[in-house]
Amino acid sequence: MVQTDALIIGAGPVGLFQVFQLGLLEIKCHVIDALPAPGGQCIELYPDKPIYDIPGTPRTTGRELTASLLEQIKPFNAPFHMGQVVSQIDAQPDGSFQVMTSKGQHFSTKAIIIAAGVGAFQPKLLKLDGLEKFESSQLFYHALPASSVGQHVLIVGGDDAALESAITLATAGQAKSITLLHRRDISASNQAAPALVAQVQALADAKALQLMVGQATGFEEHSGKLTAVQVTGVDGQTRTVPASQLLVYLGLSPKLGPIADWGLAMDRKHVAVDTEKFATSVPGIFAVGDINSYPGKKKLILTGFHECALAAFGAASIVYP
């Protein structure tokens, strides 16, 4: 079991700044997030969209802001536990909490700060009847399989994560074939960073991978194993693409998830807090950022940063009574 002073749920910009504010008060913390990497919705939904409301920074992007915040919190060495959600919180007689995640990790903490934004991001599914039976064996959402040696890999999607996976697999050179499928030409979609598009195009020119435009409309299997995916192109023609591994990057959608079952007072789909230290109805649990609700609440990154400072002092009174 991991012992810590505080546990932050959420690794978006507000969760990252919460690490900094706790660190200034010498409060050790761990961070849990459902996504595979820090940055939250800033990275997943608008990584290159201009952001103007960060004090002292005339203009930044979600990608740049995340990088800056990660640099800022380096001195505090907060461990990150990515790709998992908090599934259970149990209050202890001494006022501390025992926390369990979807991956079976256990934590003991004196304070919890929820910085989950609009909720835990869950991958959007590729909706083909019966495809779900291959999940975790041949079908992977926003994740690379442990090995792709000798596999026919089909990657569906056109965002940064999809292109990064294609680059990683093509560079490794161990897959039998790699096909990147997107509903339109990746160079014209504006979904991915131009540098990544250029890398993928160069790999395609070098025959290290194949680019396809169209949508997955069916699949084929043999002896209970996924063998191919049927792709319908913009010309209306359906082609069969070999696929023993299917990697899907169709984006993420937020869901409130287990937070609704933690016994916290809620205001519709948000956690009700006070404005003194952004405490919830459960002593020792705080909520900052877009997940909380109070009179006059404004959903701005700037607002979330302010809330982090006061929540840190609230947590300090518990960690160091």
Measure from the side-chain N and O atoms of D159 to the backbone N and O of A162, and report whether any donor-acceptor pair falls under 3.5 Å. yes

Parallel, tilted or perpendicular: which fits the ring planes of H81 and F107, with parallel below 30° and perpendicular above 60°? perpendicular

Between the CG atom in L139 and the OG atom in S137, the distance rounded to the nearest 0.5 Å is 7.5 Å

Is the number of heavy atoms from other residues, nucleotides or ligands under 6.0 Å of D94 CG greater than 12? yes

Please test T101 against V85 for side chain to side chain contact (heavy atoms under 4.5 Å, CB included), starting from the C-alpha separation and ending with a verdict. CA-CA 5 Å; T101 74; V85 298; over 6 Å; no

Could you tell me whether the side chain of R63 reaches within less than 4.5 Å of the side chain of D160, counting heavy atoms only? yes

Would V229 end up clustered with L125 when hydrophobic side chains under 4.5 Å apart are linked, directly or stepwise? yes

We want to know whether Q88 and D90 form a side-chain donor-acceptor pair, criterion being a heavy-atom distance below 3.5 angstrom. yes

Using a 6.0 Å cut-off, check whether atom CD of E26 has over 12 heavy atoms from anything other than its own residue. no

Donor-acceptor check, side chain of T303 to backbone of K298, threshold 3.5 angstrom: yes or no? yes

List the steps, then state whether side chain to side chain contact (heavy atoms under 4.5 Å, CB included) holds for L25 with F313. CA-CA 8 Å; L25 298 177; F313 281 101; 3.8 Å; yes

Do V19 and M82 sit in the same hydrophobic cluster, where Ile, Leu, Val, Met, Phe, Trp and Tyr count as joined when their side-chain heavy atoms come under 4.5 Å apart? yes

Got a donor-acceptor contact below 3.5 angstrom from the T280 side chain to the V282 backbone? yes

With no hydrogens and no angle check, just 3.5 Å: does a side-chain donor-acceptor pair link T109 and T4? no

So, S87 versus S102: side-chain donor-acceptor pair below 3.5 Å or not? no

Please tabulate, for the side chains in residues 198-211, all donor-acceptor contacts under 3.5 angstrom to protein atoms that are two or more places apart in sequence or on a different chain.
| from | atom 1 | to | atom 2 | distance (Å) |
| --- | --- | --- | --- | --- |
| Q201 | NE2 | D205 | OD1 | 3.3 |

When hydrophobic residues are tied together by side-chain contacts of less than 4.5 Å, even through go-betweens, does V197 share a cluster with I155? yes

Would a 4.5 Å heavy-atom cut-off, applied to side chains only, mark H106 and V99 as touching? no

Check each of I32, L70, D33, I8 against F80 using the side chain to side chain contact (heavy atoms under 4.5 Å, CB included) test, and report the only one that passes. L70

Does a sphere of radius 6.0 Å around CD in Q215 hold more than 12 heavy atoms from other residues, nucleotides or ligands, not counting ones at 6.0 Å or beyond? no

Does the pair V156 and Y141 meet the rule for a side chain to side chain contact (heavy atoms under 4.5 Å, CB included), with working shown? CA-CA 10 Å; V156 179; Y141 287 99; over 6 Å; no

Q245 and S148 side chains, donor-acceptor separation under 3.5 Å: yes

Does S96 use its side chain to pair, donor to acceptor, with the backbone of K110 at less than 3.5 Å? no

Is the count of non-hydrogen atoms from other residues, nucleotides or ligands lying under 6.0 Å from K297 atom NZ greater than 12? yes

Applying ring pair (Phe, Tyr, Trp, His ring centres under 6.0 Å) to Y249 and not counting sequence neighbours gives H142

Residue pair D235, R239: steps toward the salt bridge (Lys or Arg N to Asp or Glu O under 4.0 Å) verdict: CA-CA 11 Å; D235 58 2; R239 299 166 178 83; 2.9 Å; yes

Taking H222 for its side chain and E220 for its backbone only, find out whether a donor-acceptor pair lies under 3.5 Å. no

Can you confirm whether L154 sits close enough to L247 that some side-chain heavy atom of one is under 4.5 Å from a side-chain heavy atom of the other? no

Check whether any side-chain N or O of T61 sits under 3.5 Å from a backbone N or O of E64 as a donor-acceptor pair, and report yes or no. yes

T171 side chain to T168 main-chain N or O, any donor-acceptor pair under 3.5 Å? no

Tell me yes or no: between the side chains of H152 and S244, is some donor less than 3.5 Å from an acceptor? no

Euclidean distance, L126 CG relative to F134 CZ, rounded to 0.5 Å: 12.0 Å

Are side-chain heavy atoms of Q230 and F219 found at a separation under 4.5 Å? no

